[in-house]
Protein chains: 2
Amino acid sequence: MKRIADSTVRRLSAYLRFLEESARRGVTTISSDDLAKRGGTTSAQVRKDLSFFGSFGKRGLGYAVDELTASLRDILGLGRQWSVIIVGAGKIGTALAQYEGFKRRGFLVSAVYDRDPQKVGQTVSVTGGQLTVRDIAQIERDVPRDKPDIAVLTVPGEDAQGLVDRLVRAGVRAILNFAPVQLRVPNDVALRSVNMAMELEGLSFALSNRSGSGLTGDR
Amino acid sequence: MKRIADSTVRRLSAYLRFLEESARRGVTTISSDDLAKRGGTTSAQVRKDLSFFGSFGKRGLGYAVDELTASLRDILGLGRQWSVIIVGAGKIGTALAQYEGFKRRGFLVSAVYDRDPQKVGQTVSVTGGQLTVRDIAQIERDVPRDKPDIAVLTVPGEDAQGLVDRLVRAGVRAILNFAPVQLRVPNDVALRSVNMAMELEGLSFALSNRSGSGLTGDR
DNA sequence: GCTATCTTGTGAAACGATTCACAAGCAGCT
DNA sequence: AGCTGCTTGTGAATCGTTTCACAAGATAGC
């Protein structure tokens with residue numbers, strides 16, 4: 001299979017969200033142009049994105065909302081539950097643990113870790129329950145046993161790379177990083193980073209260079 | 001001036017962070033290859049990125065860490081303070097308000113808003129101080145007066161577009177969006193979005209399509 | 001001052017993603 | 001059954017970004 005571009009995968013997510021919203025509004029059929037308008041792209045782009053995975057529409061009609069929703073969920077691997085651990089029980093980590101969107105989309109927070117003895121043993125709320133914060137030292141024991149699918153990393157930048165190395169060695173194959181550093185992982189490990197500092201600097205740059213049309217293309 | 005690609009701006013941020021780290025370690029000179037290794041790119045890319053803005057190095061030697069740092073800060077518009085308002089005092093909003101990186105890089109949280117009467121009037125901690133949560137209804141009055149540079153949006157998805165429209169009408173010209181929706185703004189407004197659901201789905205996709213080399217290119 | 005060595009800055013080439021444009025197919029109407 | 005109007009799926013063209021490759025400077029040693 002051909003390598004799928006990151007930008008394509010992002011758009012598929014956007015289409016899926018719009019489809020779910022359309023279904024709630026009772027829409028049963030949708031055209032590539034409708035999808036494009038909402039996703040901030042073009043109808044040709046929508047069709048090209050979908051064409052990598054097959055043929056889902058009816059010429060002259062468009063796409064059946066429920067069918068395309070199911071196909072996209074399948075393509076994105078959302079047909080199952082994913083187990084997520086949160087590493088770093090600071091402000092952001094605990095806020096994320098309670099994020100509704102996690103559970104709604106099949107991502108289940110199964111454990112929260114911190115290295116601070118003050119925090120270990122404390123209870124944190126996660127969507128639909130409570131968890132006891134575990135000691136990061138237990139990662140090497142827990143990960144091979146619990147086999148979490150995804151690790152969300154919310155630790156200070158200076159600790160991040162060391163923890164990634166440990167997580168990968170223990171068997172984690174997907175990481176969502178919130179630490180403001182550039183991480184290195186073997187290329188059989190999936191990595192996405194959310195870097196607040198970088199986003200703010202992007203805005204700062206845009207504001208400072210207003211002369212040009214300014215950055216509006218939101219990824 | 002030529003339009004600068006978003007990817008270029010992101011890399012400039014990464015270079016800046018590495019330069020600051022190098023300065024702390026006492027390094028005074030750095031080559032494009034050093035910068036590339038750490039930023040996960042190539043030396044040619046580094047030089048091309050910098051070449052859009054001028055010529056900062058010495059052939060045969062490399063770049064002076066302090067000079068390049070100053071130039072990058074200038075390019076990115078970090079030579080001044082930016083005033084930031086946070087709209088939405090929920091879990092994520094209040095966690096972000098306390099994010100150290102904000103202040104350290106010159107982004108000063110000047111106000112926090114919520115529409116919930118329960119929250120309005122309450123005190124929230126921001127980096128290095130306290131703020132009273134204001135009513136979102138006051139946006140139309142406050143923004144023209146306070147002229148915040150950047151609005152960080154941490155509200156439920158269904159409220160996001162409406163608030164963006166109000167913020168833009170009131171004069172905000174840069175928005176950092178955390179709501180999981182695709183926003184539309186006029187193209188003289190800078191917009192960046194951080195979408196957890198999208199990132200998680202990207203990881204889900206990568207895990208489900210392991211056969212290929214898997215996504216490792218971290219943006 | 002000359003030579004050897006190193007790294008920048010930059011056109012040109014290669015690559016990858018987006019847009020164009022149109023044939024193919026489907027539904028509805030007569 | 002044939003015609004009309006509409007929308008998909010996709011090769012080809014275009015556009016933008018990354019990589020290549022090398023001349024132009026700069027330093028250090030002799």
Side-chain angles (χ1 to χ4, degrees), chain A residues 1-15 18-19 22 27-65 67-68 71-72 75 202 212-213 215-219, chain B residues 1-15 18-19 22 27-65 67-68 71-72 75 202 212-213 215-219:
Chain A
M1 193 212 275
K2 203 176 166 305
R3 172 84 170 60
I4 301 300
D6 218 76
S7 48
T8 297
V9 179
R10 278 176 202 285
R11 283 191 299 266
L12 294 178
S13 280
Y15 304 154
F18 183 44
L19 283 166
S22 301
V27 177
T28 60
T29 270
I30 202 168
S31 71
S32 57
D33 203 50
D34 296 334
L35 279 166
K37 290 242 175 59
R38 190 55 165 261
T41 180
T42 65
S43 61
Q45 181 75 81
V46 172
R47 295 196 299 275
K48 185 66 92 179
D49 286 339
L50 295 177
S51 76
F52 293 130
F53 302 95
S55 171
F56 305 100
K58 279 200 171 52
R59 290 168 193 234
L61 265 193
Y63 303 86
V65 170
E67 276 176 32
L68 187 54
S71 301
L72 281 180
I75 290 165
S213 76
L215 119 160
T216 293
D218 175 25
R219 186 158 320 182
Chain B
M1 191 215 275
K2 202 178 164 305
R3 171 84 170 60
I4 301 300
D6 216 77
S7 49
T8 297
V9 179
R10 279 176 201 285
R11 283 191 300 266
L12 294 178
S13 280
Y15 304 155
F18 183 44
L19 283 166
S22 300
V27 176
T28 60
T29 269
I30 203 167
S31 71
S32 57
D33 203 49
D34 296 334
L35 279 166
K37 291 243 174 58
R38 190 55 166 258
T41 178
T42 67
S43 62
Q45 181 77 79
V46 172
R47 296 196 298 276
K48 184 68 90 181
D49 286 340
L50 295 176
S51 76
F52 293 130
F53 303 96
S55 172
F56 306 99
K58 280 201 173 52
R59 289 168 193 234
L61 262 194
Y63 303 86
V65 170
E67 277 177 31
L68 187 54
S71 301
L72 281 180
I75 290 165
S213 76
L215 121 159
T216 294
D218 177 23
R219 187 159 319 182

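Letters A, B, ... are given to chains in the order of the sequence lines, protein chains preceding strands, and every chain is numbered from 1.
Listed pair A:Ser7 / C:dA17 fails the phosphate criterion, with no side-chain N or O lying under 4.0 Å from OP1 or OP2. Between A:Arg11 and C:dT18 there is a side-chain N or O to OP1 or OP2 distance below 4.0 Å.
Distances from the side chain of A:Thr42 to the nucleotides C:dT19, C:dC26, C:dT18 place C:dT19 closest.
Along DNA chain D, the nucleotide nearest to A:Ser51 and the one nearest to A:Leu61 differ in position, and the one closer to the 5' end is contacted by A:Leu61. Remark on DNA chain C: of its neighbouring residues A:Lys58 and B:Ala44, the 5'-side contact belongs to B:Ala44, judged by nearest-heavy-atom nucleotide. Annotation: of the two residues near DNA chain C, B:Ser31 and B:Lys48, the 5′-most nearest-nucleotide partner is B:Ser31. Residue-to-nucleotide proximity on DNA chain D shows that, of A:Arg47 and B:Asp49, the 5′-proximal contact is made by A:Arg47.
Protein chain B touches strand DNA chain D; the 5'-most and 3'-most nucleotides with an atom under 4.0 angstrom of its non-hydrogen atoms are D:dT17 to D:dT27.
Nucleotide C:dG16 holds its P atom 10 Å from the CZ atom of A:Arg3, rounded to whole Å. Rounded to whole Å, atom P of C:dT7 lies 13 Å from atom CG of B:Leu35. In this structure, the CZ atom of B:Phe52 is 17 Å from the P atom of C:dT8, given to the nearest Å. The CD1 atom of A:Ile4 sits 13 Å away from the P atom of C:dG16 (whole-angstrom rounding).
In the interface, the side chain of B:Arg59 is not paired with the base of C:dT7 through any donor and acceptor atom under 3.5 Å apart.
Taking the side chain as every heavy atom from C-beta outward, B:Phe18 and B:Ile30 approach each other to under 4.5 Å.
With respect to A:Arg10 and A:Asp6, a salt bridge is recorded, a charged nitrogen being found less than 4.0 Å from a carboxylate O.
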Task: Residue pair A:Asp34, A:Arg38: steps toward the salt bridge (charged side-chain N to carboxylate O under 4.0 Å, His left out) verdict - done: CA-CA 7 Å; A:Asp34 296 334; A:Arg38 190 55 165 261; over 6 Å; no
